[in-house]
Amino acid sequence: MSELGAPRRYQPGEKILAQGDYPSHVVLLLSGVAKVTVRDADGDLTLLALRFGGDLLGEMGVLEDRLRYADVTAFNHVRARWIEAGLFANLLREHSSVTLKLLQVLGHRLRWADERRLDFSNHDAKTRVARVLEQIAESYGDLRELDRYEIPLGQEELAQLAGAGKRVTQDALKELDRIGAIDQGYRKVTITNRPELQRVAKKES
């Protein structure tokens, strides 16, 4: 599928998909990171998820023939393929392997959402922050093999994913930095000690 459609490049901050638009196409990320956000009636923006190279964007709108429910914005430089809705639908009808891959992707996203709901009920803020960082690192292919992994999230965005207040998230990150699990930078967190992060996240390998 990586050869289908038209190649596209997006600059940091550029909109890839827009909330409320008609679902005329899907976008396959080849490299880079994109943010999925929703703006409510009051104009407040909430970060729902991150998408990485290999992820598909906009498929639910095409499958359900419903307007886009979220914005997707390039976090850094993104390379992608722009695939028309009709071509995508034909691909699913004619190739069961593609349909199976799509089901696996959707299953992964459901598990992510379920884990976030359970974490909110069962863990304190520091543990939730650690679990979000660890799950991002373990969920995307060869990222699992890295000794250091840079996660492009600011404190406010991480707080939204972890379901915690910004001040509480700041304190949690300071503590994770103090024990050597991470290294904080400007709008990024670098995991420097996976076993220590997993211990705090209660996901010891």
Side-chain angles (χ1 to χ4, degrees), residues 29 31-40 44-57 60 69-76 78 101-205:
L29 288 184
S31 65
V33 180
K35 300 190 299 183
V36 182
T37 57
V38 169
R39 192 175 299 277
D40 63 22
D44 295 326
L45 199 65
T46 299
L47 176 65
L48 298 181
L50 296 178
R51 298 288 182 253
F52 296 79
D55 277 330
L56 193 63
L57 308 174
M60 292 307 299
Y69 79 96
D71 289 329
V72 182
T73 306
F75 186 89
N76 51 17
V78 166
K101 181 62 176 179
L102 177 60
L103 291 174
Q104 291 172 339
V105 169
L106 296 178
H108 169 76
R109 293 178 187 173
L110 286 174
R111 287 194 300 275
W112 169 276
D114 288 343
E115 284 204 19
R116 298 287 71 74
R117 285 191 289 269
L118 289 171
D119 286 351
F120 190 79
S121 301
N122 299 331
H123 299 290
D124 61 22
K126 184 176 76 172
T127 305
R128 295 203 303 271
V129 170
R131 288 173 71 85
V132 167
L133 292 172
E134 170 59 22
Q135 189 170 25
I136 291 172
E138 75 181 3
S139 296
Y140 294 94
D142 59 358
L143 301 182
R144 292 171 294 186
E145 307 303 324
L146 298 179
D147 293 327
R148 294 172 60 92
Y149 174 52
E150 184 178 298
I151 295 177
L153 284 177
Q155 293 178 350
E156 185 172 348
E157 295 162 326
L158 185 55
Q160 291 175 354
L161 288 180
K166 187 174 180 180
R167 179 60 62 85
V168 174
T169 300
Q170 289 173 341
D171 291 342
L173 290 172
K174 287 180 182 178
E175 175 62 16
L176 290 171
D177 194 326
R178 186 190 68 79
I179 64 176
I182 67 168
D183 182 27
Q184 291 191 78
Y186 177 68
R187 295 191 60 78
K188 67 180 180 180
V189 174
T190 302
I191 297 172
T192 55
N193 189 330
R194 284 288 298 280
E196 184 66 11
L197 181 66
Q198 290 168 339
R199 183 189 65 79
V200 177
K202 301 178 181 178
K203 289 187 175 182
E204 291 88 345
S205 57

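Numbering of residues begins at 1 and proceeds along the displayed sequence.
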Chemist: So, taking the atom named CD in Gln184 and the one named CZ in Arg178, what distance separates them when rounded to the nearest 0.5 Å?
Modeler: 13.0 Å
Chemist: Under 3.5 Å, is there a donor-acceptor pair between the side chain of Thr73 and the main chain of Val36?
Modeler: no
Chemist: Please name the pair of heavy atoms, one in Ala34 and one in Val72, separated by the smallest distance, quoted to 0.1 Å.
Modeler: CB-CG1, 3.7 Å
Chemist: Check whether Thr127 reaches the backbone of His123 with its side chain - one donor and one acceptor, N or O, closer than 3.5 Å.
Modeler: no
Chemist: Shortest non-hydrogen contact from Ala181 to Leu197?
Modeler: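 Result for this residue pair: CB-N, 3.9 Å.
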Chemist: Glu157: what forms a side-chain hydrogen bond (donor to acceptor under 3.5 Å, both in side chains) with it, not counting sequence neighbours?
Modeler: Lys35, Arg187
Chemist: Just do the salt bridge (Lys or Arg N to Asp or Glu O under 4.0 Å) check on Glu134 and Arg131 with the steps written out, would you?
Modeler: CA-CA 5 Å; Glu134 170 59 22; Arg131 288 173 71 85; over 6 Å; no
Chemist: So, does Gln160 use its side chain to make a donor-acceptor pair with the main chain of Leu47 at under 3.5 Å?
Modeler: yes
Chemist: Side-chain contact, heavy-atom cut-off 4.5 Å: Ile182 with Ile151?
Modeler: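 With C-beta onward as the side chain, the pair stays apart.
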Chemist: Determine whether Thr37 and Leu48 make a side-chain contact, defined as any pair of heavy atoms from C-beta on separated by less than 4.5 Å.
Modeler: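 They are not in side-chain contact.
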Chemist: If the condition is salt bridge (charged side-chain N to carboxylate O under 4.0 Å, His left out), which residues does Glu156 pass it with, not counting sequence neighbours?
Modeler: none
Chemist: Do you know which of Val189, Ile191, Thr190 makes side chain to side chain contact (heavy atoms under 4.5 Å, CB included) with Glu150?
Modeler: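 So, applying the side chain to side chain contact (heavy atoms under 4.5 Å, CB included) to Glu150 and each of Val189, Ile191, Thr190, only Thr190 qualifies.
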Chemist: So, for Arg128 and Ala162, which heavy atoms are closest and what is the spacing to 0.1 Å?
Modeler: NE-O, 2.7 Å
Chemist: Can any side-chain N or O of Asp171 pair as donor or acceptor with the backbone N or O of Val168 at less than 3.5 Å?
Modeler: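 No.
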Chemist: Considering non-hydrogen atoms only, spot the tightest contact between Val200 and Ala130 and give its length.
Modeler: CG1-CB, 3.8 Å
Chemist: Is there a side-chain contact between Leu173 and Val129 in this structure, where contact means two heavy atoms from C-beta onward sitting under 4.5 Å apart?
Modeler: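 Yes; the side chains approach each other to less than 4.5 Å.
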Chemist: Within a strict 4.5 Å, meaning less than it, do heavy atoms of the Leu50 and Phe75 side chains meet?
Modeler: no
Chemist: Going through the distances and angles, do Leu133 and Leu176 end up as a side chain to side chain contact (heavy atoms under 4.5 Å, CB included)?
Modeler: CA-CA 11 Å; Leu133 292 172; Leu176 290 171; 4.3 Å; yes
Chemist: Drop me the distance from Thr169's OG1 to Leu153's CG, to the nearest 0.5 angstrom.
Modeler: 11.0 Å
Chemist: Between Arg51 and Leu57, is any pair of side-chain heavy atoms under 4.5 Å apart?
Modeler: yes
Chemist: If we only count heavy atoms from C-beta on, is the Ile179 to Arg199 side-chain gap below 4.5 Å?
Modeler: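 Yes, close enough: below the 4.5 Å cut-off.
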Chemist: Output yes when a side-chain donor or acceptor of Asn76 lies under 3.5 Å from a complementary backbone atom of Val33, and no otherwise.
Modeler: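 Answer holds: yes.
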Chemist: Can you sort out the partners of Lys166 under salt bridge (charged side-chain N to carboxylate O under 4.0 Å, His left out), two or more places apart, ordered by chain and number?
Modeler: none
Chemist: Got Val38 and Leu45 here, is their nearest side-chain heavy-atom distance under 4.5 Å?
Modeler: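 No, every pair of side-chain atoms sits at 4.5 Å or beyond.
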